[in-house]
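One structure is given below, encoded as structure tokens.
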Amino acid sequence: TAVSQIRIYEVGPRDGLQNEAKFVPTDIKIELINKLAAAGIKDIESASFVSPKWVKQMSDGVEVMKNIPRVPGVNYPVLIPNLKGYEIAKQCNIEEVAIFPAGSEAFSQKNLNCSVEEGLKRFKLVADQAVKDGIRVRGYVSCVVGCPYEGPIHPKGIAKITEQLFEMGCYEVSLGDTIGVGTAGSVKRLMREVLTVAKPEQLALHFHDTYGQALSNLVAGLEFGIKTVDSSISGLGGCPYARGASGNLATEDLVYLLYGLGVNTNVDLVKLIEAGRYISNFLGKPTESKVNRAISDR
Ligand code: HMG
Ligand code: MG
């Protein structure tokens with residue numbers, strides 16, 4: 001690949017758990033976060049401060065953030081939909097927030113209850129405040145190649161939103177294939193367009209694996225010099241407002257791939273496998289990580 005070191009941005013405790021029907025108790029969420037940190041993950045998206053009426057699973061964000069034993073050098077960002085969520089999160093000693101406009105009009109309505117433009121305005125209020133407060137801001141764009149309601153999405157619009165996120169002060173923008181419909185082909189077309197407004201080191205890739213394309217999409221993306229990859233322990237994940245969306249690229253599978261490519265991650269795969277088993281056992285379902293399954297079966 002084009003780079004020798006990849007930063008793994010773990011989304012399991014947020015994206016991974018938000019779609020789980022059964023409420024995961026706060027202490028289990030915290031223990032999962034601890035295990036991920038112990039495995040060497042340095043960026044762990046740990047909670048969201050969205051409306052509890054919309055996503056009940058994330059309603060204990062304050063308790064989670066106040067009780068994580070913070071490991072020095074580990075970043076614990078949180079997902080924020082509006083100023084109200086930001087104000088709540090700010091009470092919890094946060095250093096980084098993530099904002100998440102949609103790449104499609106219909107998905108914006110379903111996920112944020114507003115238009116793309118209105119969403120960008122709300123997120124700008126959050127970003128402005130965070131910048132003033134000295135809190136880092138990360139941006140996501142969702143539905144970057146396809147929308148569950150509108151179908152294929154043109155890369156030009158995604159590049160435009162990406163540019164707006166940088167103008168708001170985001171240090172990085174994560175391109176989200178929310179419903180996992182992308183292929184190496186559509187990802188390459190997206191990258192060529194977005195790289196007209198961003199440098200590769202300012203971008204992250206966030207793939208869901210609905211159609212089994214996450215790993216090959218990633219390899220396609222890495223060829224462009226991307227240095228940050230989002231993934232979720234055990235392949236958990238999905239969005240309650242994206243019909244048919246399944247789990248994220250599994251962190252175990254990502255680490256295994258990168259090891260094979262000779263890319264440094266500083267992550268302990270054995271400890272990562274344990275973290276994956278811990279949460280799958282709690283949820284009472286088999287892991288979605290093929291690497292975890294293969295290693296656990298041996
Ligand atoms: P709304 O219902 O239009 O909000 O939802 P509202 O502003 O009209 O407020 C309604 C009520 O909610 C009020 O309370 C507010 O105070 C309260 P009431 O007066 O009725 O008692 N409220 C809040 N309470 C706590 N925290 C808040 C908050 N905001 C309002 N932050 C809203 C609009 C944006 C809030 C809602 O649509 C929402 O929470 N959406 C988030 C949905 C979500 O979490 N989706 C999953 C994350 S996105 C994702 O997974 C994709 C990603 O992974 C990338 C990818 O995969 O591509 C990031
Ligand atoms: Mg996601």
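- Between the side chain of T210 and the backbone N or O of A245, no donor-acceptor pair lies under 3.5 Å.
- The side-chain heavy atoms of I158 and V145, taken from C-beta on, include no pair separated by under 4.5 Å.
- With a 4.5 Å cut-off on side-chain heavy atoms, L222 and V229 count as touching.
- A donor-acceptor pair is defined here as one N or O able to donate and one able to accept, closer than 3.5 Å; no such pair exists between the side chain of S234 and the backbone of L236.
- Below 30°, between 30° and 60°, or above 60°: for Y9 and Y140 the angle between ring planes is above 60°, a perpendicular geometry.
- Using a distance-only test at 3.5 Å, with no hydrogens or angles considered, a donor-acceptor pair links the side chain of R70 to the main chain of N93.
- Contact annotation: the side chain of S216 approaches that of Q213 to within less than 4.5 Å [non-hydrogen atoms, C-beta and beyond].
- Using a distance-only test at 3.5 Å, with no hydrogens or angles considered, no donor-acceptor pair links the side chain of E45 to the main chain of P13.
- No donor-acceptor pair under 3.5 Å is formed between the side chain of S174 and the backbone N or O of L205.
- Sorted by first and then second residue, the pairs that involve residues 131-157 and meet salt bridge (charged side-chain N to carboxylate O under 4.0 Å, His left out), not counting sequence neighbours, are K90-D133, E96-R136, R138-E172, R138-D230, K156-E193.
- The side-chain tip of K29 points at the ring of F23 from less than 6.0 angstrom away and within 45° of straight on.
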Exercise. How far apart are the C-alpha atoms of T26 and D60, what are their side-chain angles, what is the distance that settles it, and do they pass the side-chain hydrogen bond (donor to acceptor under 3.5 Å, both in side chains) test?
Worked result: CA-CA 7 Å; T26 308; D60 59 349; 2.7 Å; yes
Exercise. Should N111 and W54 be marked as a side-chain contact (heavy atoms from CB on, under 4.5 Å) after you check the CA-CA gap, both sets of side-chain angles, and the distance that decides it?
Worked result: CA-CA 9 Å; N111 198 43; W54 283 60; 5.9 Å; no
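- When atom types are taken as modelled, the side chain of Q18 and the backbone of G238 share a donor-acceptor pair closer than 3.5 angstrom.
- Judged by distance alone, with hydrogens and angles left aside, the side-chain atoms of H208 form no donor-acceptor pair with the main-chain N or O of D177 at under 3.5 Å.
- A heavy-atom distance below 4.5 Å is not found between the side chains of Y256 and S289.
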For this session: Show your working on side-chain contact (heavy atoms from CB on, under 4.5 Å) between Y149 and Q109 and close with a plain yes or no.
Result: CA-CA 10 Å; Y149 312 100; Q109 291 293 347; over 6 Å; no
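- To the nearest 0.5 angstrom, K271 atom NZ is 12.0 Å from I41 atom CD1.
- A 4.5 Å side-chain heavy-atom check between K285 and S280 finds every atom pair outside the cut-off.
- Contact of the V291 side chain with the L254 side chain is not registered, since no non-hydrogen atoms from C-beta on lie closer than 4.5 Å.
- L261 is connected to L272 through a chain of hydrophobic side-chain contacts under 4.5 Å among Ile, Leu, Val, Met, Phe, Trp and Tyr, so both are in one cluster.
- R7 places a side-chain heavy atom less than 4.5 Å from the side chain of D43.
- Taking 4.5 Å as the limit, some side-chain heavy atom of M191 sits within range of a side-chain heavy atom of L175.
- Evaluation of the ring-ring contact (aromatic ring centres under 6.0 Å, His included) rule for F123 yields F100 as partners, not counting sequence neighbours.
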